[in-house]
Protein chains: 2
Amino acid sequence: MTSVKSNKPTEGELEILQVLWNNNKASVRTVHETLLKVKDCGYTTTLKLMQIMFKKGLVSRDDSNKIHIYTANVTREKTQKQFLNKMIDSLFAGSSTNLVLQALGNHKTSNEELKKIQVLLNQLKQTK
Amino acid sequence: MTSVKSNKPTEGELEILQVLWNNNKASVRTVHETLLKVKDCGYTTTLKLMQIMFKKGLVSRDDSNKIHIYTANVTREKTQKQFLNKMIDSLFAGSSTNLVLQALGNHKTSNEELKKIQVLLNQLKQTK
DNA sequence: CTTTAGCTACGAAATACATCGTATATAATG
DNA sequence: CATTATATACGATGTATTTCGTAGCTAAAG
């Protein structure tokens, strides 16, 4: 039996994953520079975090050159699911519909987006 | 200008809020007993957590009797919004639609629920 | 070749959080 | 009245997370 831990990434790790997902791969420098637009911390902080993520297996890296290049080991989708499920459980009484309704209600959504949702909704109705 | 901190409740706090929301108000004993179904910890742990929440202003309490009765100071809806927004930001590239699509796609949703969503969707389309 | 700039490694401190043990007060029980 | 059960208060510990400073390596610039 293989150990199934699959720990959620932390806040800080999530911010870094975000950059890696957007760029496909990135150096510490790039990640740090990007994060600076959002938060404020030293370069070595970002570095350390990414090193920890590497040790955890959350990211891979190519260290054949001086500048190490990192890539995410988890997909955005898988992580989204992970957090969504957690959230549905702990905040929406287990009902994904509640979450959807709340999310739809909160934000103003463009016509384009409403269409996308309608399409998916139709598909779901089909399969019934 | 009033200080706008509004810190997110932690995991543990969320579990407690959940019970308070469901029961409207509750003693430490009740909260603890309920939590035991889900997690495993000592009574004083729950107590301490609730005391901290009180100090933070996350909950109120009636301590006129020996058994203190707690109530949530934040609504479920407000907290849901808080977490949803955070999540949309950090995991869904700012698009609530992405979140909705992902949430709908993951779980199997009953016909009843699909209808509810359809109703809201129609309303949103109307207001365009 | 020496200096400088940029990089990684790593220990250490600061912070946040969850957990528990012990002290103390008080109501209920016998 | 003494004992027991049940409350709250609170300090202390353990662990996770974040942050930073410093050391050491190497390539580029002078």
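Below, read A as the first sequence line, B as the second, and so on, with proteins coming before strands; counting in each chain starts at 1.
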Side chain of [X], heavy atoms from C-beta onward: which of [options] has the nearest atom to it?
X        : options                   : value
Thr45(B) : dT8(C), dT18(D), dT19(C)  : dT19(C)
His68(B) : dT8(C), dA18(C), dT8(D)   : dT8(D)
Cys41(B) : dC20(D), dC20(C), dT17(D) : dC20(C)
Glu11(A) : dC17(C), dT18(D), dA9(C)  : dT18(D)

What N/O pairs connect the protein and nucleotides 23-30 of chain D at under 3.5 Å? Give each pair on its own line.
none

To the nearest Å, how far apart are [X] [atom1] and [N] [atom2]?
X        : N       : atom1 : atom2 : answer
Arg29(B) : dT8(D)  : CZ    : P     : 8 Å
Gln51(B) : dT8(D)  : CD    : P     : 8 Å
Leu14(B) : dA18(C) : CG    : P     : 10 Å
Met53(A) : dT8(C)  : CE    : P     : 15 Å
Leu36(A) : dC20(D) : CG    : P     : 11 Å
Lys39(A) : dC20(D) : NZ    : P     : 9 Å
Lys56(B) : dC17(C) : NZ    : P     : 5 Å
Phe54(B) : dA9(D)  : CZ    : P     : 9 Å

Going by side-chain heavy atoms closer than 4.5 Å, which hydrophobic residues are tied to Ile69(B), directly or by a chain of links?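 Direct or chained contacts put Ile69(B) with Ile67(B).
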Worksheet item: Cation over ring, Lys8(B) on Phe83(B), under 6.0 Å and within 45°?
Response: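 Yes, cation above the ring, under 6.0 Å and within 45°.
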Looking at Trp21(B) and Val74(B), would you say the former's side chain and the latter's main chain have a donor-acceptor pair under 3.5 Å?
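Yes: the side chain of Trp21(B) pairs with the backbone of Val74(B).
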query = Considering all heavy atoms of both residues, which atom of Ala72(B) and which atom of Leu20(B) are nearest to each other, and what is their separation?
reply =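 Heavy-atom minimum between the residues: N-CD1, 4.0 Å.
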### Task
Could you say whether Lys48(A) or Ile67(A) is positioned toward the 5' end of DNA chain C, judged by the nucleotide with the nearest heavy atom to each?
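Going by which nucleotide is closer to the 5' end, it is Ile67(A).
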- Step by step, would you call Leu99(A) with Gln80(B) a side-chain contact (heavy atoms from CB on, under 4.5 Å)? CA-CA 8 Å; Leu99(A) 179 141; Gln80(B) 288 173 340; over 6 Å; no
Practice prompt. Assess whether side-chain contact (heavy atoms from CB on, under 4.5 Å) is satisfied between Phe92(B) and Arg76(A), documenting all intermediate values.
Written response: CA-CA 9 Å; Phe92(B) 291 88; Arg76(A) 185 176 236 147; over 6 Å; no
Requested in this report: Compare side-chain N and O positions of Tyr43(A) against OP1 and OP2 of dT8(C) and report whether any pair is under 4.0 Å apart.
Outcome: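 Yes, Tyr43(A) has a side-chain N/O under 4.0 Å of OP1/OP2 on dT8(C).
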At less than 4.0 Å, is any side-chain N or O atom of Arg61(B) found next to OP1 or OP2 of dA9(D)? Yes or no.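 Yes, Arg61(B) has a side-chain N/O under 4.0 Å of OP1/OP2 on dA9(D).
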Quiz item: How far apart are the C-alpha atoms of Gln118(B) and Asn122(B), what are their side-chain angles, what is the distance that settles it, and do they pass the side-chain contact (heavy atoms from CB on, under 4.5 Å) test?
Solution: CA-CA 6 Å; Gln118(B) 184 63 67; Asn122(B) 289 339; 3.0 Å; yes
Checklist entry - Which part of the nucleic acid, if any, lies within contact of Ile52(B), taking any heavy atom under 4.0 Å across all strands shown: a base, the sugar-phosphate backbone alone, or nothing? => result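 Touches nothing.
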